[in-house]
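Notes for the one structure printed next.
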Amino acid sequence: MKKRLAANTKIADVSYQEAALIGQRLLTWYEEKKRDLPWRRTRDPYKIWVSEVMLQQTRVETVIPYWERFIDKFPTIQALAHAPEEEVLKAWEGLGYYSRARNLQAAVREVEERYGGQVPDTLEEISSLPGVGSYTAGAVLSIAYDVDVPAVDGNVLRVLARLFLIEQDIMKQRVRKRFEELAEFLIPPGRAASFNQALMELGATVCIPKVPRCPQCPLQSLCRAYAEGMQEELPVKGKKKPPRPVDLVTGIVRSGDRVLIVKRPLQGLLAGMWEFPSLEINERVTIEENLQSLFDRLGQRIEVETFFAKVEHTFSHIHWNLHAYLCKPILPLVPETEEMRWVNVYELHQYAFPVAHTKLIQALNGMV
DNA sequence: TAATCGTGGGC
DNA sequence: TGCCCAAGATT
């Protein structure tokens with residue numbers, strides 16, 4: 001029995017009857033129309049968990065090949081827990097949001113130590129794992145363990161905002177909390193696994209962000225936004241700032257067939273990834289001096305040879321202008337450390353690089 | 001609360 | 001071409 005009507009949540013008025021109808025239509029539609037995705041062919045909580053983490057802010061088509069390779073390489077919690085971190089990061093290369101990979105491995109290690117290798121099946125325990133927030137906890141619990149908890153992602157926010165004509169800003173955390181209560185109220189008892197996925201599937205394939213396919217929607221006759229012709233105006237989202245420009249100077253130091261690469265700090269942007277030594281440009285001095293300053297810090301004397309390439313790359317919040325120069329080391333070469341390696345140009349592919357630097361590697365391989 | 005944290009696809 | 005955005009979490 002439901003403790004509380006969504007009517008009391010101040011976000012939408014929904015009767016039990018309407019909720020039941022939505023559930024029936026959605027479940028029927030889902031059974032008929034659901035896509036055949038690889039992680040829907042397993043009940044292994046670990047594999048489902050991996051898929052949910054990869055799918056965070058990432059398209060299904062992008063994730064599929066990554067998930068296949070990742071599960072192939074790390075088929076169990078134990079395999080992932082005992083793998084070198086470098087290997088995990090390499091498997092994640094190109095997916096973005098690399099802290100997801102680091103958190104996932106940390107979480108899996110915790111599962112092995114604290115929960116005997118079994119993914120916990122309570123909201124409190126699974127939510128305490130690093131990288132497992134409200135959505136991922138709900139998704140894994142409902143899909144893998146059939147627990148009746150909501151899993152509210154961007155799709156669900158959009159579907160519910162339209163279905164109930166909710167005009168509050170979905171970017172606000174307080175509003176999301178309300179959506180979770182609403183989503184929970186809608187779950188047909190015992191059917192959270194299919195219902196949560198149905199809600200997401202509808203958002204991904206029918207109730208899409210722009211020009212929703214309302215004629216194909218099983219909920220059209222129940223949709224308050226559609227009734228008002230408001231479907232394209234919802235959901236309401238706050239606007240985001242444009243990316244901040246950052247100018248970087250990058251030194252590609254070659255000694256024979258080897259190149260100097262450095263590892264980024266384990267916190268912050270592109271944490272733990274390898275790159276060619278780079279430094280935010282100090283506009284008050286010359287490029288030459290910026291490069292000298294960069295390699296002073298690394299303990300490597302160099303001589304600047306020529307300009308190599310300019311690479312632009314835009315992140316969600318930063319726009320990189322990367323000015324790359326070829327440099328010649330003045331002996332002796334700095335010794336290798338944990339964060340600094342001399343690597344054969346043809347072996348750079350063994351290291352995980354951000355996309356901005358893979359562009360440089362391509363140019364380098366084309367040249368050598 | 002508002003920032004931070006990536007990337008590739010679609011229009 | 002530039003911009004929006006996609007199965008979010010953390011601080």
Side-chain angles (χ1 to χ4, degrees), chain A residues 34-35 37-40 48-67 89 92-104 106-107 126-144 150-160 169-177 179-180 183 193 195-205 207-211 232 235 237-244 246 264-273 275 312-320 352-359:
Chain A
K34 67 180 174 189
R35 292 168 290 178
L37 304 175
W39 44 87
R40 287 182 176 162
I48 291 169
W49 179 12
V50 171
S51 77
E52 292 303 339
V53 174
M54 286 187 170
L55 285 163
Q56 291 168 9
Q57 300 290 285
T58 312
R59 286 184 159 76
V60 167
E61 311 80 62
T62 304
V63 167
I64 290 174
Y66 277 92
W67 185 84
L89 198 57
W92 210 271
E93 181 183 38
L95 258 188
Y97 289 143
Y98 300 98
S99 67
R100 291 184 295 175
R102 191 180 310 283
N103 283 335
L104 180 59
I126 200 170
S127 298
S128 74
L129 297 169
V132 179
S134 175
Y135 165 74
T136 305
V140 174
L141 277 192
S142 61
I143 297 171
V152 176
D153 70 339
N155 288 311
V156 176
L157 289 170
R158 184 170 57 254
V159 170
L160 295 183
D169 184 353
I170 61 166
M171 300 304 282
K172 294 190 185 297
Q173 208 159 21
R174 185 173 301 159
V175 174
R176 293 196 182 201
K177 198 85 179 158
F179 274 86
E180 289 186 350
F195 180 77
N196 287 345
Q197 292 186 83
L199 222 37
M200 292 188 273
E201 190 82 350
L202 189 73
T205 62
C207 196
I208 53 183
K210 40 171 160 179
V211 197
E232 306 218 12
K237 298 174 79 169
K239 4 181 161 156
K240 47 202 151 184
K241 291 189 189 172
R244 159 178 61 95
V246 171
R264 294 180 62 90
L266 299 182
Q267 299 283 334
L269 185 69
L270 302 167
M273 302 202 80
E275 66 178 8
E312 292 191 46
H313 188 77
T314 307
F315 305 90
S316 335
H317 55 302
I318 298 173
H319 180 85
W320 268 5
F353 283 88
V355 166
H357 286 260
T358 63
K359 293 174 185 172

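When reading the values below, keep in mind they use all heavy atoms of this one structure, side chains included, and skip hydrogens, waters and symmetry mates. So that the names make sense, note that chain A is the first sequence line, chain B the second, and so on, each numbered from 1.
The minimum heavy-atom distance linking A:Tyr98 with A:Leu270 is given by the pair CE1-CD2, 3.8 Å. The minimum heavy-atom distance between A:Ala183 and A:Phe195, with the atom names listed, is O-CE2, 4.2 Å. Summarising the geometry of A:His313 relative to A:Val355, their closest heavy-atom pair is CE1-CG1, 3.7 Å, with the distance given to 0.1 Å. Closest approach of A:Ala193 and A:Ser142 over heavy atoms only: CB-O, 3.2 Å. The nearest pair of heavy atoms linking A:Gly238 to A:Asp169 is N-OD1, 3.1 Å. What you find for A:Arg158 and A:Ala204 is that their closest heavy atoms are NH2-N, 4.3 Å.
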Could you pull out the protein-nucleic contacts involving nucleotides 3-5 of chain B (nitrogen or oxygen on both sides, under 3.5 Å)?
| residue | atom | partner | partner atom | Å |
| --- | --- | --- | --- | --- |
| B:dA3 | OP1 | A:Lys241 | NZ | 2.9 |
| B:dC5 | OP1 | A:Leu269 | N | 3.2 |
| B:dC5 | OP2 | A:His317 | NE2 | 3.1 |

Check the interface with nucleotides 8-11 of chain B: list each N/O to N/O pair with the protein under 3.5 Å, or write none.
| residue | atom | partner | partner atom | Å |
| --- | --- | --- | --- | --- |
| B:dG8 | N2 | A:Arg59 | NH1 | 2.3 |

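Only the C1' atoms considered, B:dG8 is 24 Å distant from C:dT10, to the nearest whole Å. C:dC5 sits 13 Å from B:dG6 when the C1' atoms are compared, rounded to a whole Å. Taking atom C1' on both B:dT7 and C:dT11, the two are 23 Å apart, rounded to the nearest angstrom. If you take atom P in C:dA7 and the same atom in B:dC11, they sit 15 Å apart, rounded to whole Å.
Across all strands shown, A:Thr314 has heavy atoms under 4.0 Å from base atoms, whether or not it also approaches the sugar-phosphate. The residue A:Arg102 sits apart from the nucleic acid: no heavy atom pair falls under 4.0 Å. Nucleic acid contact class of A:Leu104 (heavy atoms, under 4.0 Å, all strands): none. Nucleic acid contact class of A:Gln173 (heavy atoms, under 4.0 Å, all strands): base. Within 4.0 Å of A:Trp39, counting heavy atoms only, lies at least one base atom of the nucleic acid. A:Arg264 comes within 4.0 angstrom of no nucleic acid atom, judged by non-hydrogen atoms across all strands.
Between A:Lys359 and A:Glu312, no side-chain nitrogen of the basic residue sits less than 4.0 Å from a carboxylate oxygen of the acidic one, so the salt-bridge criterion is not met.
When the shell of 6.0 Å around NZ of A:Lys177 is examined, it contains 12 or fewer heavy atoms from other residues, nucleotides or ligands. Within 6.0 Å of CD on A:Gln267 lie no more than 12 heavy atoms contributed by other residues, nucleotides or ligands. In this structure, A:Arg35 places its CZ atom where more than 12 heavy-atom neighbours from other residues, nucleotides or ligands lie under 6.0 Å away.
Sequence order on DNA chain C of the closest nucleotides to A:Leu55 and A:Val132 puts A:Leu55 first from the 5' end. Residue whose closest nucleotide on DNA chain C sits further toward the 5' end, between A:Glu201 and A:Asn103: A:Glu201.
When rounded to the nearest whole Å, the span between CZ of A:Arg158 and P of C:dC5 equals 10 Å. Between A:Lys237 atom NZ and B:dT1 atom P there is a gap of 17 Å when expressed in whole angstrom units. Separating the NZ atom of A:Lys177 from the P atom of C:dA9 is a distance of 12 Å, rounded to the nearest angstrom. The distance from atom NE2 of A:His319 to atom P of B:dT7 is 14 Å, rounded to the nearest whole Å. Here the P atom of nucleotide C:dA9 and the CD1 atom of A:Ile126 are 11 Å apart, to the nearest Å. Remark: C1' of C:dG8 and CG of A:Asn155 are 12 Å apart, rounded to the nearest angstrom. Atom CD1 in A:Ile170 sits roughly 15 Å away from atom P in B:dT1 (whole-Å rounding). One atom, CZ of A:Phe353, and another, C1' of B:dG6, lie 17 Å apart when rounded to the nearest Å.
Residue A:Arg100 places none of its side-chain N or O atoms closer than 4.0 Å to OP1 or OP2 of C:dT10. Distances shown here put a side-chain N or O of A:Gln57 below 4.0 Å from the OP1 or OP2 atom of C:dG8.
Nearest to the side-chain atoms of A:Phe315 among the listed nucleotides B:dG6, C:dA7, C:dG8 stands B:dG6. Of the candidates B:dG6, B:dT1, C:dG8, B:dT1 carries the atom nearest the A:Arg174 side chain, counting heavy atoms from C-beta on. Minimum atom distance to the side chain of A:Val60 is reached by C:dA7, of the listed C:dA7, B:dT1, B:dT7. Taking the side chain of A:Asp153 as heavy atoms from C-beta on, and the options C:dG8, B:dA2, C:dA6, the nearest nucleotide is C:dG8. The nucleotide whose nearest atom lies closest to any side-chain atom of A:Tyr135 is, among C:dG8, C:dA6, B:dG6, C:dG8.
Put simply, the side chain of A:Thr58 and the base of B:dG6 share a donor and an acceptor less than 3.5 Å apart.
The salt bridge (Lys or Arg N to Asp or Glu O under 4.0 Å) test applied to A:Arg102 returns A:Glu85, not counting sequence neighbours.
Counting only N and O atoms by type, the side chains of A:Tyr135 and A:Glu52 include a donor and acceptor under 3.5 Å apart.
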